[in-house]
Amino acid sequence: MSNEPLIQIRDMNKFFGNFQALKNINLEVNRGERIVVCGPSGSGKSTMIRCINRLEEHNDGHIIIDGKELTDQIKDINAVRREVGMVFQSFNLFPHMKIIKNLTMAQQLVRNISKTEARKTAMEYLEKVKIPEQADKYPIQLSGGQQQRVAIARALCMKPEIMLFDEPTSALDPEMINEVLEVMVELANEGMTMICVTHEMGFARSIADRVIFMDAGEIVEEAVPTEFFDNPKNERTKEFLSQILTH
Amino acid sequence: MSFDLSLIVESVPMMLAGIGITLKLLVVSGLLGLMLAICLLLMRISGKWYLNIPAQIYIYIFRGTPILVQIFIIYYGLPQFDAIRESIFWPILREPTGCAILALTLNTGAYVSEILRGGVLGVGKGLMEAGSALGLSSRQKFIYITAPIATRLALPAYSNDVISLLKSTALASTITIADMTGIARTIVADTYAPYEIYMSLAVIYMIFTFGIQKLFGAIERYLGRYTKREG
């Protein structure tokens with residue numbers, strides 16, 4: 001295992017037409033580090049993590065994942081996607097497949113794992129997210145919190161090195177947020193490298209190694225949680241924190 | 001006016017003798033048309049202009065002209081060309097049934113490809129992203145995610161097109177084919193009793209349509225099993 005950072009983003013820019021969504025992003029994430037990204041809506045936080053597994057294409061700069069640079073070559077994109085798991089705000093479970101199939105399909109298709117082996121892995125991760133009894137249901141029959149836990153399990157089945165979370169609790173009813181956060185905390189405690197876009201500040205405070213604040217496509221501030229919450233430097237950070245913490 | 005019940009009793013079995021041909025026109029052109037529609041759909045969504053544009057032109061032409069005119073062009077028009085008469089397709093194009101199946105196939109293919117495209121567009125973008133994030137290739141995403149969901153979404157509109165195709169098969173009678181409508185026209189020419197004969201014929205088509213509706217209703221329920229909260 002090298003000492004090189006697992007994720008390196010250098011001088012990255014991203015445009016949607018004429019609109020610059022990301023400005024000169026520089027970020028390094030070490031193996032096992034847990035990063036929380038926050039910021040107002042439209043600040044580019046989702047776009048940034050979506051660039052890491054090429055759901056968005058960066059326009060210039062470099063993204064290097066575990067020593068492999070992300071280019072427009074499909075071979076490089078697939079190599080990076082094999083190492084990066086992603087959890088979406090809207091779960092995105094495949095509605096026409098039972099839970100177990102949601103978890104085994106990509107293992108079989110992408111990793112060429114046998115059906116028996118894939119099911120075994122799937123059940124292990126369903127146990128881990130505490131809903132093994134739901135294996136033979138369809139996604140619509142589960143609550144939002146359960147669906148999101150399945151989505152986490154589905155990503156973990158691919159044995160990723162890195163997990164990206166794109167506002168994983170924003171679409172959930174309040175009483176379901178904790179069951180998802182608990183799974184994420186457990187994952188963090190096991191040493192998974194994680195980047196979480198979230199506004200769950202309690203979660204950020206307890207598990208993040210670093211909190212990153214973005215505004216208008218830029219990384220404005222980057223600090224350890226205590227420093228970030230108790231002693232923010234930048235005016236925009238202060239304003240943002242005052243808005244989300246006063247209520 | 002008089003209403004001749006015995007004429008109906010006599011003529012219905014005669015018209016039903018044409019059921020085989022009507023069904024053949026429906027099933028063969030339905031299946032070939034579906035295959036054509038899938039090809040056109042793949043061209044439309046390929047993202048490549050040299051596939052997309054020809055497919056669009058094709059669809060425009062076949063949706064933009066009456067199917068009866070298409071049948072006439074194929075049956076009466078094509079044989080004028082030596083190249084057609086010398087081609088390997090001549091054994092098909094020489095027969096009126098071959099011409100009718102060809103016309104119905106080309107026509108329904110254009111409509112159905114647009115119906116399927118509607119289904120494909122209805123598949124959530126988020127699901128594609130989830131597939132990409134898991135490392136699935138474009139082909140795998142299409143086969144395992146897009147196709148099954150799009151099929152369910154397109155089914156109600158597709159069943160509509162199959163019913164429409166059933167009724168279009170009646171146009172085959174204009175080029176000498178003895179389908180149910182063709183036979184009915186012959187009987188009317190003999191008996192001069194259009195009201196009884198055509199009313200009976202209409203009822204036969206309606207019963208057919210009812211069967212098609214029931215069939216698609218069952219398929220819809222099966223494909224939609226994952227959309228119900230109660231398992």
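Throughout, protein chains are lettered first and strands after them, A, B, ... in sequence-line order, and every chain is numbered starting at 1. As a basis for the values below, the full set of heavy atoms in this structure was taken, side chains included, without hydrogen atoms, waters or symmetry mates.
- Side-chain contact between A/Ile74 and B/Ser137 is absent, with no heavy-atom pair separated by less than 4.5 Å.
- Taking both residues in full, the closest heavy atoms of A/Arg81 and B/Gly135 are given as CB-CA, 4.4 Å, listed atom of the first, atom of the second, then distance.
- A search for ring-ring contact (aromatic ring centres under 6.0 Å, His included) contacts involving B/Tyr158 returns B/Phe216, not counting sequence neighbours.
- Of all heavy-atom pairs spanning B/Ala130 and A/Phe88, the tightest one is CA-CE1, 3.7 Å.
- Contact record, A/Met105 with B/Leu136: CE-CD1, 3.6 Å, taken as the closest heavy-atom pair.
- Counted within 6.0 Å of NZ on A/Lys68, heavy atoms from surrounding residues, nucleotides or ligands total more than 12; the atom is thus considered enclosed.
- The minimum heavy-atom distance linking A/Leu55 with B/Ser132 is given by the pair CD2-CB, 3.8 Å.
- No more than 12 heavy atoms of other residues, nucleotides or ligands lie within 6.0 Å of NZ in B/Lys24, so this atom counts as exposed by the packing criterion.
- The 12-atom threshold is not exceeded at CZ of A/Arg119, counting heavy atoms of other residues, nucleotides or ligands nearer than 6.0 Å.
- The most heavy-atom pairs under 4.5 Å with chain B, out of A/Leu164, A/Val110, A/Leu93, come from A/Val110.
- Contacts of A/Arg50 with chain B are made by side-chain atoms alone, with heavy-atom separations under 4.5 Å and no backbone atom involved.
- Residue B/Leu134 holds its CG atom at 13.0 Å from CZ of A/Arg82, rounded to the nearest 0.5 Å.
- Of all non-hydrogen atoms in A/Met97 and B/Tyr144, the two that sit nearest each other are CE-O, 3.4 Å.
- Within the 4.5 Å cutoff, no side-chain heavy atoms of A/Ile140 are placed close to those of B/Tyr226.
- Between B/Leu127 and A/Pro95 the shortest heavy-atom distance is CD1-CD, 3.6 Å.
- Other residues, nucleotides and ligands contribute only 12 or fewer heavy atoms inside 6.0 Å of the CZ atom of B/Phe89.
- Using a 4.5 Å cut-off between heavy atoms, B/Glu129 contacts chain A through both its backbone and its side chain.
- Of the possible polar contacts, one joining the A/Asn92 side chain to the B/Gly126 backbone as a donor-acceptor pair under 3.5 Å is found.
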